[in-house]
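Below, read A as the first sequence line, B as the second, and so on, with proteins coming before strands; counting in each chain starts at 1. This one's a predicted model, so the numbers in the text were calculated from it and none came from an experiment.
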Amino acid sequence: MRRYLRVLTPLLIMVMAVMLSGCSGQYLVLDPKGPIGESQRDLIYISAILCAVILVPVLIMTAVIVWRYRENNKKVAYKPKWEHSTKLETLVWGVPTVIIIILAAFTIKYTYDLEPSKAIASEHEPVTIEVTSLDWKWLFTYPDEGIATVNYLKFPEGVPIRFHLTSDQAMNSFWIPQLGGQIYTMSGMAMTLYLQADEAGEYYGSGANFTGEDFSKMTFKADAVSNEDYNAWVQQVKSSSPELTMDGYHKLAEKGTSDEQSFSSFPKGLFQQIVMQYMNGSDMPMHHGNSESAGSDKDMGDMDMDGMDKDMDMGSSEHANH
Amino acid sequence: MFGTFFITGDPLILGAQVSIGLVSLAAIFIVTYFKKWKWLWTEWITTVDHKKIGIMYILAAILMLFRGGVDALLIRTQLALPHLEFLHAGHYNAIFTTHGVIMILFMAMPFMFGLFNIAVPLQIGARDVAYPYLNSLSFWLFFIGAMLFNISFVIGGSPDAGWLAYPPLSELSGSPGIGQNFYIWGIQISGIGSLASGINFVATILKMRAPGMKLMRMPMFTWSVLASSLTIMFAFPILTVTMAMLFLDRFLGAHFFTLDGGGNPMMYVNLIWMWGHPEVYIVILPAFGIFSDIVSTFAKKKLFGYKSMVFALMSISILSFFTWLHHFFTMGSGADVNAFFAITTMVIAIPTGVKVFNWLFTLYKGRINFSQPMLWTIAFIPCFVIGGMTGVMLAVAPADFQFHNSYFLIAHFHQVLIGGVVFGYFAGMYYWWPKMFGFKLDEKIGKWAFWFWNIGFYVCFMPQYALGLMGMTRRFNNYDTDLGWLPLNIVSTVGAFIMGLGFLFQIWQIVYSLRNHKKEKTGDAWDGRSLEWSIPSPAPMYNFARLPQVSSQDEWWEEKERRAAGVPVEPAQPLEPIHMPKNSGIPFIASIFWFIFGFGLVWDWLWMAIPGFIGIVVTLFARSFSFDTDYYIPVDEVRRSEEAALKGAK
């Protein structure tokens, strides 16, 4: 028995090591390309190190104690009645408490710093992109540019992107690991998430919350490009892509998957209508923490975008302080 | 109406249907052939004996471990290679849903209740639980709920909205099929049983302890059962109400969690985790108790820091109710709320860490014997500590935005649930097996099982941490190769199959030991410390001929020391007739009516549900008006049985 294990264990460890080293650089979460993702990576390292302060000694202690006090080792002390030591008890309650206090301090600081609806400090005006998760595809609408895409995102590098997010039907989660953490998309609510790509590149994005049958096909590309390329792309979409009509949207919202698509225009206030469509019978939209819904005007089609953004930002800062 | 009744067309499911049919026929044939129907009815189905109910619970749990394990292997097979056409998306979704529900509710819970039943009354020197009839009813409600959930696989279609079934996906709009109804009623019926068990064990521990056994003299396992049962009492009503609301949404068009009419799916997510988070502590606390008893027994040493351990258990039980939101930090609750729940979650790590240190200090300067229960305990410590640490990392709310729903999370909770709960219950099973059946399970085959499980575990789940950091999210049934996920997925699948081998070795171990074993005659298989080891194995139906007088922690150990030191034994009290509960068929019959009721509601067949409901009410009345529910075992019979046990021991 033991003979086989002695051969088997190192073999398995070696295989695993090879497998792991074979794919370095693929650790998207640890290889961030934007300020949010970088802070989160730092925090992951901080928490891992703090945990290791406890973990490593415990693992060593376990191995040493279990080996040293094995039954047939009669050379070591045996104290069957030893059951209390105030010193040790203080230590085992005290040390973890201190570690947790340190970790809690970091956590609180970062929780407020990285609150998803908090704007990223930048000299550039943020670009707004509205995200709608559908069954089973992503619709991205660009309210300022008036264009829309499906399963494909493009935005300028070095500029904060303000995502407003909602869902039509099932609850999903919008995640671009290399730019930063995810946030849920929920029907009847609009969430806000700020992200930024510091360098150009094509980033992997996906839905992270299960939404049914073809959930695994809800991956998308997030393409960060230079400002010029971005503007050229917007012009190109505007001139060459078809329009997204309301009927077109309803068709898109039906259950099914989709390839990448782009649209030169979309119905005004589409995002607000998607958020508000479930609100019949109640005047007030859902409010939930820092995520602000789209305002309370009944006539969403005529909604003024700038006014809405101002509402949202004011709302966020108010919420962050209460 | 019957068009969708049987699932057809899928070869895997067809195979399952055929094999379920064949196995049922074979079982009926064997029982009839050996003329065992009467025995089955009088000895097992109608029993109110906590020891037999415990064995039935564990048997059911092993069966469900098999079913949930097959689900797991199917999942891992599908993920071994990208774009494999092994399971189509709908089928894959159903399988991970049933895997989760079965492993938590129909494997971990009954395994836990089985161990409660077997050990608690014996540890506290009681003759049964406080409510033996309710205990039987609890078992049958659990069993019938599990069966109702399981038949969805071949009849009507399995639920496929994830193990916690978030709306709107689980509402009629997202899941129009009846799978979700099976989910609701399977969980609902077994949940009532779980709640009743929780109440039963709180009452048992508080009221049925032997004279002299103060709370602070209870074995640590009994403490952990008290902590867990109290948690059940406060958590399970939330589950019942949540499931009832989801049912009303689907059945009557209520708007609790729908999008229209003012409903809010987030309320469901909050409610389900207000149950769901305490639930994971419900299953892990008893494992802590098992490990505590085992380390002191197998290191032949008093448990280090008893008071600390009790305080840690109880504080975990309370804190577990204040952490539920960490399951959805990414739902935008705002920094204040996230910070609060991040910290409450981290705080739980303190008492948990204290327990680990105290186990290590118990081993320190001990004489450690590496029998099977101890092996699993030793494997548990590093595994659980690593799992706990990744749990703390997940609790760091802003970092969780990157971990949430990724394989990092999957690896974490499997590490604490397998490394903690499953290893713990296995340790408990090996530990109390001689008490249940009067012999030990084979050591050699057990070691094979142990190593396969352990190596398999690390090979399966360590790569999943990496996959999470590589951006792989849970519940994908397909993935592209360009993200480099392929090699680690292959490794992980290999690991899963190694664990599967471990399970097969355990089955072989049980079968082998049933046929080749040495009878364990002393009743004290491991040189134990608590009262269950002071009586013969298996325990006589009345447990203790004379109720023990308790004067210390580790009462049986102290008693053995007193005897060795030649302290004069007090003359035994004369035997008295023993008051016992009578067997009853009502719990089983009631559970059949619950099945009819549940099945009717699953299909929306009121013609079936209403008679089922009437049947339930009739069984309640039948019980209320039956007065012949107890009897006395005469002194002669007790004396005969005690003498026989004594002779056996020599």
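- With a threshold of 4.5 angstrom between heavy atoms, B:Phe361 approaches chain A through its backbone and through its side chain.
- Only the backbone of B:Pro167 comes within less than 4.5 Å of a heavy atom in chain A; its side chain stays farther off.
- Checked against a 6.0 Å centroid threshold, the rings of B:Phe311 and A:Trp93 count as neighbours.
- Atom CG of residue B:Asn405 and atom CD of residue A:Gln182 lie 6.0 Å apart, to the nearest 0.5 angstrom.
- Options A:Gly180, A:Ser206, A:Gly37, A:Ser39 differ in how many heavy-atom pairs under 4.5 Å they form with chain B, and the most are formed by A:Gly180.
- Looking at A:Asn73, only its backbone comes within 4.5 Å of chain B, counting heavy atoms on both sides.
- Only the side chain of B:Ala349 has a heavy atom closer than 4.5 Å to any heavy atom of chain A.
- Between atom CZ of residue A:Phe210 and atom CG of residue B:Asn93 there is a gap of 3.5 Å, rounded to the nearest 0.5 Å.
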Please report the C-alpha distance between B:Val385 and A:Thr62 in whole Å, then the side-chain angles of each, then the deciding distance to 0.1 Å, and finally whether the side-chain contact (heavy atoms from CB on, under 4.5 Å) criterion is met.
-> CA-CA 11 Å; B:Val385 171; A:Thr62 308; over 6 Å; no
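- Of the two parts of B:Asp160, only the backbone, made up of N, CA, C and O, holds a non-hydrogen atom closer than 4.5 Å to a non-hydrogen atom of chain A.
- When side chains are defined from C-beta on, A:Trp82 counts as touching B:Lys301, because their heavy atoms get closer than 4.5 Å.
- The structure places OG of A:Ser173 at 9.0 Å from CZ of B:Phe401, a figure rounded to the nearest 0.5 Å.
- When heavy atoms are compared at a cutoff of 4.5 Å, A:Lys255 approaches chain B solely by way of its side chain, counted from C-beta outward.
- With a threshold of 4.5 angstrom between heavy atoms, B:Val337 does not approach chain A through any atom at all.
- Comparing A:Val76, A:Thr219, A:Leu88, A:Val58 by heavy-atom pairs within less than 4.5 Å of chain B, the highest count is held by A:Leu88.
- The NE2 atom of A:His84 lies 15.0 Å from the OH atom of B:Tyr306; values are rounded to the nearest 0.5 Å.
- Side-chain contact check for B:Val269 versus A:Met171: some heavy-atom pair is nearer than 4.5 Å.
- Looking at B:Tyr166 and A:Asn209, their side chains never bring a donor and an acceptor atom within 3.5 Å of each other.
- Remark: B:Ile386 CD1 to A:Leu55 CG distance equals 6.0 Å, nearest 0.5 Å.
- B:Ser308 and A:Glu89 are linked by a side-chain donor-acceptor pair at a separation below 3.5 angstrom, with hydrogens and angles left out of the test.
- B:Glu561 has a carboxylate O that lies under 4.0 Å from a charged side-chain N of A:Lys81, or vice versa, which qualifies the two as a salt bridge.
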Begin from the C-alpha positions of B:Val396 and A:Phe106 and carry the test side-chain contact (heavy atoms from CB on, under 4.5 Å) through to its verdict.
-> CA-CA 9 Å; B:Val396 178; A:Phe106 278 110; over 6 Å; no
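- The closest side-chain donor-acceptor pair between A:Trp175 and B:Gln402 falls under 3.5 angstrom.
- For B:Asp554, no part sits under 4.5 Å from any heavy atom of chain A, backbone or side chain.
- Looking at B:Trp359, there are no atoms closer than 4.5 Å to chain A (heavy atoms on both sides), in backbone or side chain.
- Looking at A:Tyr78, the atoms closer than 4.5 Å to chain B (heavy atoms on both sides) sit in the backbone and in the side chain alike.
- When heavy atoms are compared at a cutoff of 4.5 Å, B:Ile381 approaches chain A solely by way of its side chain, counted from C-beta outward.
- For the 3.5 Å distance criterion, the side chains of B:Asn338 and A:Thr111 fail to qualify, holding no donor opposite an acceptor.
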Kindly determine whether B:Asn358 and A:Val92 satisfy side-chain contact (heavy atoms from CB on, under 4.5 Å), including the steps that lead there.
-> CA-CA 8 Å; B:Asn358 283 2; A:Val92 299; 4.2 Å; yes
Verify side chain to side chain donor-acceptor pair (under 3.5 Å) between A:Ser216 and B:Asn477, making sure each step is shown before the conclusion.
-> CA-CA 6 Å; A:Ser216 63; B:Asn477 69 325; 2.5 Å; yes
A:Tyr112/B:Asp336 under side chain to side chain donor-acceptor pair (under 3.5 Å): CA gap, chis, key distance, verdict | CA-CA 8 Å; A:Tyr112 285 93; B:Asp336 297 343; 2.3 Å; yes
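- Note that CG of A:Asp31 and CE of B:Met470 are 11.5 Å apart. Values are rounded to the nearest 0.5 Å.
- Using a 4.5 Å cut-off between heavy atoms, A:Leu114 touches chain B through its side chain atoms alone.
- Contact tally against chain B (heavy-atom pairs below 4.5 Å) for A:Ile108, A:Thr97, A:Val95, A:Leu30: the top residue is A:Thr97.
- Put simply, the side chain of A:Gln169 reaches to within 4.5 Å of the side chain of B:Ser173, judged on heavy atoms.
- Under the 30°/60° scheme for interplanar angles, the aromatic rings of A:Tyr184 and B:His404 are found to stand perpendicular.
- The part of B:Ile343 that comes within reach of chain A is its side chain, from C-beta onward, which places non-hydrogen atoms under 4.5 angstrom from that chain.
- The candidate from A:Ala63, A:Ala52, A:Pro96 with the greatest count of non-hydrogen atom pairs under 4.5 Å with chain B is A:Pro96.
- Between chain B and the residues A:Val66, A:Leu59, A:Asp42, A:Asp214, the largest count of heavy-atom pairs under 4.5 Å involves A:Val66.
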